[in-house]
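All heavy atoms count here, side chains included; hydrogens, waters and symmetry mates do not.
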Protein chains: 2
Amino acid sequence: MTDLRLPAAPRPADTGPPADTGLPADPPRPAVPVERVALRPTPPTRSPRVTEIIGAARRLLEDEGVGSLTMRRLGEVLGIRAPSLYKHLPGKHAVEAALVETALWEAGDALHRVVDGAGPGDVVGRLLAEYRRYALAHPNLYRLTAVDPLGREGLTAGLEDWSGEPFYRATGEPYAAQALWAAAHGAVVLELANRFLPGSDLDRTWAALAAAFTAH
Amino acid sequence: MTDLRLPAAPRPADTGPPADTGLPADPPRPAVPVERVALRPTPPTRSPRVTEIIGAARRLLEDEGVGSLTMRRLGEVLGIRAPSLYKHLPGKHAVEAALVETALWEAGDALHRVVDGAGPGDVVGRLLAEYRRYALAHPNLYRLTAVDPLGREGLTAGLEDWSGEPFYRATGEPYAAQALWAAAHGAVVLELANRFLPGSDLDRTWAALAAAFTAH
DNA sequence: GTTGTTGGCTAACAACGTTAGCCAACGAGG
DNA sequence: CCTCGTTGGCTAACGTTGTTAGCCAACAAC
């Protein structure tokens with residue numbers, strides 16, 4: 001979040017209705033009340049078949065867990081054999097990368113929406129609540145983003161900047177933003193992994209987190 | 001950290017010099033300046049051979065990464081074949097669990113030492129610094145503790161309570177403790193995974209984290 | 001009508017965790 | 001001294017994983 005790269009050039013206007021790629025379409029951009037430092041990148045274009053495959057992979061992951069996300073099983077739900085997948089994707093890492101992208105797009109949109117919603121009140125609290133809500137609604141998807149060192153090469157340029165930007169918009173300071181993001185991430189990871197001691201009232205833990213970043 | 005179970009009974013006195021199990025021995029216990037809620041459990045006893053195996057596994061993990069921690073490779077560095085490992089351990093999960101234990105013991109000792117060191121100054125800051133230091137000094141070991149839902153069954157009873165207790169001792173409030181722990185964990189995980197944008201001055205991020213939990 | 005591309009297929013490989021079954025060494029008891 | 005049970009090695013093998021090689025039908029383009 002340092003080195004939040006300033007927008008270099010305005011995005012090119014959309015040229016006609018784009019194909020449905022399974023990724024969130026560009027939402028209407030409201031007049032922004034807060035300083036903006038990252039523009040929403042343009043989602044990558046995918047062939048229809050690849051979109052199908054990633055969609056199936058997502059369903060597989062969310063419904064049956066990461067253990068069921070194998071190339072053979074993925075082929076099975078698509079009615080083809082595993083090696084045929086390699087006609088469309090270079091390997092399993094590409095499937096995972098696409099799923100990580102999906103999560104970043106969706107979470108980014110949700111978080112920006114929170115910051116856009118101009119309520120003057122506790123922005124940090126609402127941001128944390130939404131972060132938690134998304135992660136808990138898609139635990140397997142979120143976990144996938146948390147594991148590996150995030151092969152950045154495959155990721156859409158600027159996606160990370162943009163999806164993390166709501167934390168900057170909520171705190172107004174890049175390092176506080178990184179700290180808040182880290183705290184939210186850690187809390188989600190621990191909650192998803194059931195690492196908090198049984199009996200904990202996690203709502204209160206999250207409240208304590210929000211308090212730390214709002215008080216003073 | 002809620003449900004931090006109060007110490008039920010004093011630990012039994014040590015009966016003679018214990019065998020070296022590869023786990024940290026019980027340290028001398030100083031007079032505690034802060035309220036204590038969890039006693040240091042007694043490390044499990046391991047056969048000498050198992051201790052060798054876990055030691056080799058740790059070296060393998062730390063030196064060559066998690067991808068090299070396979071049963072065949074582990075046997076290789078021990079001069080035996082993979083199936084022979086099953087004469088000593090029920091499976092790979094047991095190796096990983098033992099390594100997670102090791103990390104919890106070591107980190108717990110280090111963190112307690114920080115809180116014990118009676119400096120009246122910024123306890124939270126020093127605690128975070130030590131947490132970060134340990135994790136960065138043993139990235140692969142730490143990552144191992146961060147991945148899976150932590151098969152709690154195999155873990156020494158009370159280990160988690162005790163290893164997390166320094167956060168309670170530093171904050172004085174269980175939910176603030178959980179929040180602080182989550183924040184530290186998240187920051188470490190993101191730093192280890194190289195998820196912060198390149199160019200970030202991570203010292204400042206950690207400073208922001210400490211500030212959030214000290215100011216107010 | 002030929003030709004090139006697209007997208008399926010089977011067969012196979014190496015590496016993984018793990019199980020089954022065999023056997024040498026060795027300590028204890030009679 | 002002999003026997004017997006245990007300990008801790010071994011090989012062979014199984015099922016599963018990601019992945020590659022090579023074959024071939026359908027189809028669009030020239």
Side-chain angles (χ1 to χ4, degrees), chain A residues 19-22 44-61 63-100 140 143-144 147-151 153-154, chain B residues 19-22 44-61 63-100 140 143-144 147-151 153-154:
Chain A
D20 181 9
T21 60
T45 61
R46 292 174 183 161
S47 84
R49 191 55 166 150
V50 168
T51 302
E52 274 183 316
I53 294 174
I54 301 304
R58 182 193 183 148
R59 257 168 277 134
L60 204 49
L61 174 67
D63 295 348
E64 307 184 18
V66 68
S68 294
L69 188 58
T70 68
M71 297 301 270
R72 285 175 174 82
R73 184 95 183 78
L74 179 54
E76 191 181 324
V77 307
L78 286 161
I80 65 178
R81 300 304 175 89
S84 303
L85 294 168
Y86 290 80
K87 298 289 178 163
H88 305 278
L89 296 158
K92 195 189 180 185
H93 69 276
V95 178
E96 295 168 337
L99 292 177
V100 169
N140 290 309
R143 255 192 223 103
L144 203 65
V147 286
D148 47 39
L150 190 50
E153 56 284 0
Chain B
D20 182 8
T21 59
T45 60
R46 292 175 183 160
S47 85
R49 192 53 167 151
V50 168
T51 303
E52 275 183 315
I53 294 174
I54 301 304
R58 181 193 184 147
R59 258 168 276 133
L60 203 49
L61 174 67
D63 295 348
E64 307 184 19
V66 68
S68 294
L69 187 59
T70 69
M71 297 302 269
R72 285 175 174 83
R73 184 97 182 76
L74 179 56
E76 192 182 323
V77 307
L78 286 161
I80 63 178
R81 300 306 176 87
S84 302
L85 293 169
Y86 290 79
K87 299 288 178 162
H88 306 277
L89 297 159
K92 194 189 182 188
H93 70 276
V95 178
E96 295 168 337
L99 293 177
V100 168
N140 290 308
R143 254 190 225 105
L144 203 64
V147 284
D148 44 40
L150 190 50
E153 56 286 0

Atom pairs, protein N/O to nucleotides 8-10 of chain C N/O, distance under 3.5 Å:
unit_1	atom_1	unit_2	atom_2	d
C/dG8	OP1	A/R49	NE	3.2
C/dG8	OP1	A/R49	NH2	3.2
C/dG8	OP2	A/H88	NE2	2.8
C/dG8	O6	A/K87	NZ	2.9
C/dC9	OP2	A/R81	N	2.6
C/dC9	OP2	A/S84	OG	2.9
C/dT10	OP2	A/R81	NH1	3.0

May I ask you to say whether A/E64 pairs ionically with A/R59, meaning some side-chain N is under 4.0 Å from a carboxylate O?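 Answer for the salt bridge query: no.
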
Over all strands shown, is A/L69 touching base, sugar-phosphate only, or nothing at heavy-atom distances under 4.0 angstrom?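 Touches sugar-phosphate only.
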
Taking side chain as C-beta onward, heavy atoms only, is A/L69 less than 4.5 Å from A/L99?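 They are in contact (side-chain heavy atoms under 4.5 Å apart), so the answer is yes.
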
Close side-chain approach of A/L78 and A/L85, heavy atoms under 4.5 Å: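 Of all side-chain heavy-atom pairs linking A/L85 with A/L78, at least one is under 4.5 Å.
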
Between [atom2] of [N] and [atom1] of [X], the distance in whole Å:
X     : N      : atom1 : atom2 : answer
A/L74 : D/dG18 : CG    : P     : 9 Å
B/L89 : D/dT7  : CG    : C1'   : 15 Å
A/L78 : C/dG7  : CG    : C1'   : 13 Å
A/E76 : D/dT17 : CD    : C1'   : 15 Å
A/R72 : C/dA12 : CZ    : P     : 14 Å
B/Y86 : C/dC16 : OH    : P     : 12 Å

B/T51 side chain to B/S47 main-chain N or O, any donor-acceptor pair under 3.5 Å?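 Yes; judged by distance alone, with no hydrogens or angles, the pair exists.
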
Could you point out which residue of B/T70, B/V66, B/V77, B/N140 forms a side chain to side chain contact (heavy atoms under 4.5 Å, CB included) with B/L60?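 Single side chain to side chain contact (heavy atoms under 4.5 Å, CB included) partner of B/L60 among B/T70, B/V66, B/V77, B/N140: B/V77.
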
Partner residues of A/R49 under the side chain to side chain donor-acceptor pair (under 3.5 Å) criterion, sequence neighbours left out: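 Applying side chain to side chain donor-acceptor pair (under 3.5 Å) to A/R49 gives A/E52.
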
